[in-house]
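Here's the structure we're looking at; comments come further down.
Whatever order the structure lists them in is the order used to number ligands and atoms, beginning at 1. The first residue of the sequence shown is numbered 1, and numbering continues consecutively from there.
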Amino acid sequence: MKHPVVVGLQYGDEGKGKITDILASQAEWVIRFNGGNNAGHTLYLNGKKVVTHSVPSGVLYPGAKNFIGASCVVDPIALATEIEEIKANGAALDGDRLKIDFRAHVTLPIHIALDESRESGAKKIGSTKRGIGPTYMTKMDRVGIRISDLFSEDSLEDKISFLCGTLNPRLKERGMAESSVSVNLEVAQKAAAYLKPFVSWAEVPFHLAAKQKRCLLEGAQGVLLDMDHGSYPFVTSSNTLAPHAAVGTPFPMKKIGNIIGIAKAYLTRVGEGPMASELSGDEAEALRKKGGEYGATTGRPRRIGWLNLDELRLAVQLSDCTGIVLSKADVLVGAEEVGVYKEGKVIQCKPWAQMSVDGKIDPNLEEFISLIEKYVEIPVVAVGTGPERKDMFWRTKNKDLWEPISG
Ligand code: GDP
Ligand code: IMO
Ligand code: MG
């Protein structure tokens, strides 16, 4: 058996949470492989909205276990709040259903303060201010705090002192108050007590599971926000490409099968950075409103543009995708015009007045889908028709993405 990976193909918020939730009904393990609580993945359960940030989006199916991989970063206060909220929504979420890799790095108050200070300056990139960049920065600098460090009491204070000694001069330089060792230590100690039942100490957690269990690997953000291959410096601080699903967990590479890229029928972006097909004025506002395009994590209005096929083809190649799920084509139903950015310019497509006719996708939408498929050279396996689980039109014979995609 080979296991599917879900990644975003644009600038995040493509609808990864929804498809992960749908596939989680068939999964035994749902594994997040990058990022932290900068993510906001929206799921619906009986009409009720649930947004996951650090917890994988398999959380609503009691049969699915959820794993936060080694190259994720974890803000323990935010994670505890998220776990408690999910439990209050009626989902059992104990140390049996949620595991955190002992190697994941911990976001402490000093990381958040540093992110905020950067974002208040002229060189801001429009981050989520969740401390993500500084946490990955201290990881790379080898002064970070890992989940395992929380449990070595004798050295924890030392490590936090060293971390604060490294970062506080930067805060001071930016005219910000220093973040004390005691404040960070207190958070770390509380985190240790709360997170203890959730920690996975396995060196190779998925070596056996990949042979015996149905696993699903969930990415956060999108390919164009990848640290190495995205629109640097307007990127996140982790690797978002599908190959990182193997590296970041670790998950046996040869056991990865389908790579499903999620793309919106138009484009959104939060934060700074280039966006060649960006719309403005009333046209952007109308789509923003209709699509509910406000950040699931920060509530910021998302920038709006036409689907960029040049970038989409690059993203498909970078992530070596086998299929696309096209989301939110329903938001364009009834639109006066539908544009697509291709070979450096916007071309007009025929608008569609409905999603389907007589159980078949509307011919104009089908033409739009064919244009995508021809350009990116992989199939659109499913089309989202609304935000709920049931709102998905499958174009493949076989909905089992643990098998090769067929016709
Ligand atoms: P993620 O970060 O990729 O999981 O995406 P977000 O949850 O941040 O944003 C996607 C938004 O679109 C959420 O509000 C979803 O409920 C919604 N959504 C996902 N797929 C569809 C779809 O096909 N149609 C509509 N109308 N909404 C969708
Ligand atoms: P999901 O998983 C959309 C963006 C931020 C900013 C840049 C860097 O829900 O798709 P960071 O806080 O990561 O240092 O911010 O990346 N960003 C996202 N945009 N969806 C996300 O996650 C994002 N996570 C980060 O807006 O431009
Ligand atoms: Mg999101």
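Near A220, meaning under 4.0 Å from one of its heavy atoms, ligand 2 places the atoms 2 (O). Atoms of ligand 2 lying under 4.0 Å from any heavy atom of K16, numbered from 1 in the order shown and given with element: 1 (P), 2 (O), 10 (O). Near Y11, the atoms of ligand 2 lying under 4.0 angstrom from a non-hydrogen atom of the residue are 3 (C), 19 (N). Here is the list of ligand 2 atoms found below 4.0 Å of a heavy atom in H41: 1 (P), 2 (O), 9 (O).
Going from atom CE of M392 over to atom CG of L326 covers 9.5 Å, rounded to the nearest 0.5 Å. Taking CZ of R313 as the reference point, atom NZ of K342 lies at 8.5 Å (rounded to 0.5 Å). Here the straight-line distance linking atom OG of S25 with atom CZ of R214 works out to 9.0 Å at 0.5 Å rounding. In this structure, I110 CD1 and I160 CD1 are separated by 10.0 Å, a value rounded to the nearest 0.5 Å.
The shortest heavy-atom distance from R130 to ligand 2 is not under 4.0 Å. Remark: distances from the non-hydrogen atoms of S237 to ligand 2 are all 4.0 Å or more. Proximity of R300 to ligand 2 is established by a heavy-atom distance of less than 4.0 Å. Under a 4.0 Å heavy-atom criterion, T385 is in contact with ligand 1. Every heavy atom of M355 sits 4.0 Å or more from the atoms of ligand 1. Residue-ligand proximity: G292 is placed with every non-hydrogen atom at 4.0 Å or more from ligand 1.
The nearest protein atom to atom 10 (C) of ligand 1, hydrogens excluded, is given as D13 O, 3.7 Å; this is a heavy-atom distance. For atom 12 (O) of ligand 2, the nearest non-hydrogen atom of the protein is T128 OG1, 2.5 Å. Nearest protein neighbour of atom 8 (C) of ligand 2, counting heavy atoms only, is V235 O, 3.4 Å. The nearest heavy-atom contact from the protein to atom 15 (O) of ligand 2 is S127 CA, 3.3 Å. When hydrogens are left out, the protein atom nearest atom 4 (O) of ligand 1 is G17 N, 2.8 Å; that is the closest non-hydrogen contact. Counting only heavy atoms of the protein, atom 2 (O) of ligand 1 lies nearest to G40 O, 2.9 Å. Residue, atom and distance of the protein heavy atom nearest to atom 19 (C) of ligand 1 are K18 CD, 3.9 Å. If you check which protein heavy atom lies closest to atom 7 (O) of ligand 1, you get T42 OG1, 2.5 Å. For atom 13 (O) of ligand 2, the closest non-hydrogen atom on the protein side is T236 OG1, 2.6 Å. Remark: minimum distance from atom 25 (C) of ligand 2 to any protein heavy atom is reached at Q221 CG, 3.7 Å. Here the heavy atom of the protein found nearest to atom 11 (C) of ligand 1 is K328 NZ, 3.6 Å. Scanning all protein heavy atoms for the shortest distance to atom 18 (C) of ligand 2 gives L225 CD1, 3.7 Å.
Checking G40 against the Mg ion (ligand 3), an N/O/S atom falls under the 2.8 Å cut-off.
For ligand 2, one of its N or O atoms has an N or O atom of G40 under 3.5 Å away. The N/O atoms of E272, backbone and side chain alike, include none that comes under 3.5 Å of an N/O atom in ligand 2. Checking only distances, E14 does come within under 3.5 Å of ligand 1, N or O to N or O. Below 3.5 Å of separation, one finds an N or O of V270 facing an N or O of ligand 2. Of the polar atoms of A296, none of the N or O atoms is found under 3.5 Å from an N or O of ligand 1, judged by distance alone. Ligand 2 has no nitrogen or oxygen under 3.5 angstrom from a nitrogen or oxygen of K129. Ligand 1 has no N or O atom lying under 3.5 Å from any N or O atom of K264, backbone or side chain.
Neither the backbone nor the side chain of V383 comes within 4.0 Å of ligand 1, counting heavy atoms alone. Residue contacts with ligand 1 for R302 involve side-chain atoms from C-beta outward but no N, CA, C or O (heavy atoms, distance under 4.0 Å).
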*With side-chain hydrogen bond (donor to acceptor under 3.5 Å, both in side chains) as the test, would you mind laying out the steps for Y61 and D21 before giving the verdict?*
CA-CA 8 Å; Y61 283 101; D21 172 52; 4.7 Å; no
_CA sep, side-chain torsions, deciding dist, call: N239, D228, side-chain hydrogen bond (donor to acceptor under 3.5 Å, both in side chains)_ = CA-CA 7 Å; N239 287 107; D228 293 310; 3.0 Å; yes
*Could you go through the side-chain hydrogen bond (donor to acceptor under 3.5 Å, both in side chains) check for T240 and Q221 one step at a time?*
CA-CA 6 Å; T240 60; Q221 290 82 50; over 6 Å; no
*ring-ring contact (aromatic ring centres under 6.0 Å, His included) between F102 and W201: does it pass, once the steps are laid out?*
CA-CA 6 Å; F102 73 93; W201 294 95; 5.6 Å; yes
_Evaluation steps, salt bridge (Lys or Arg N to Asp or Glu O under 4.0 Å), between R130 and D75_ = CA-CA 8 Å; R130 297 296 189 270; D75 174 333; over 6 Å; no
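Of all N/O/S atoms in D13, OD1 sits nearest the Mg ion (ligand 3).
A donor-acceptor pair shorter than 3.5 Å cannot be found between the side chains of D141 and T166.
Counting only non-hydrogen atoms, the option in G271, G35, G126 that gets closest to atom 5 (C) of ligand 2 is G126. Considering each of N37, T135, D13, the one bringing a non-hydrogen atom nearest atom 3 (C) of ligand 2 is D13.
Considering every non-hydrogen atom in both V30 and A24, the closest pair reads CG2-CB, 4.0 Å.
Considering only heavy atoms from C-beta on, L365 comes within 4.5 Å of M355 through its side chain. Using a 4.5 Å cut-off on side-chain heavy atoms (C-beta onward), W402 and N258 make no contact.
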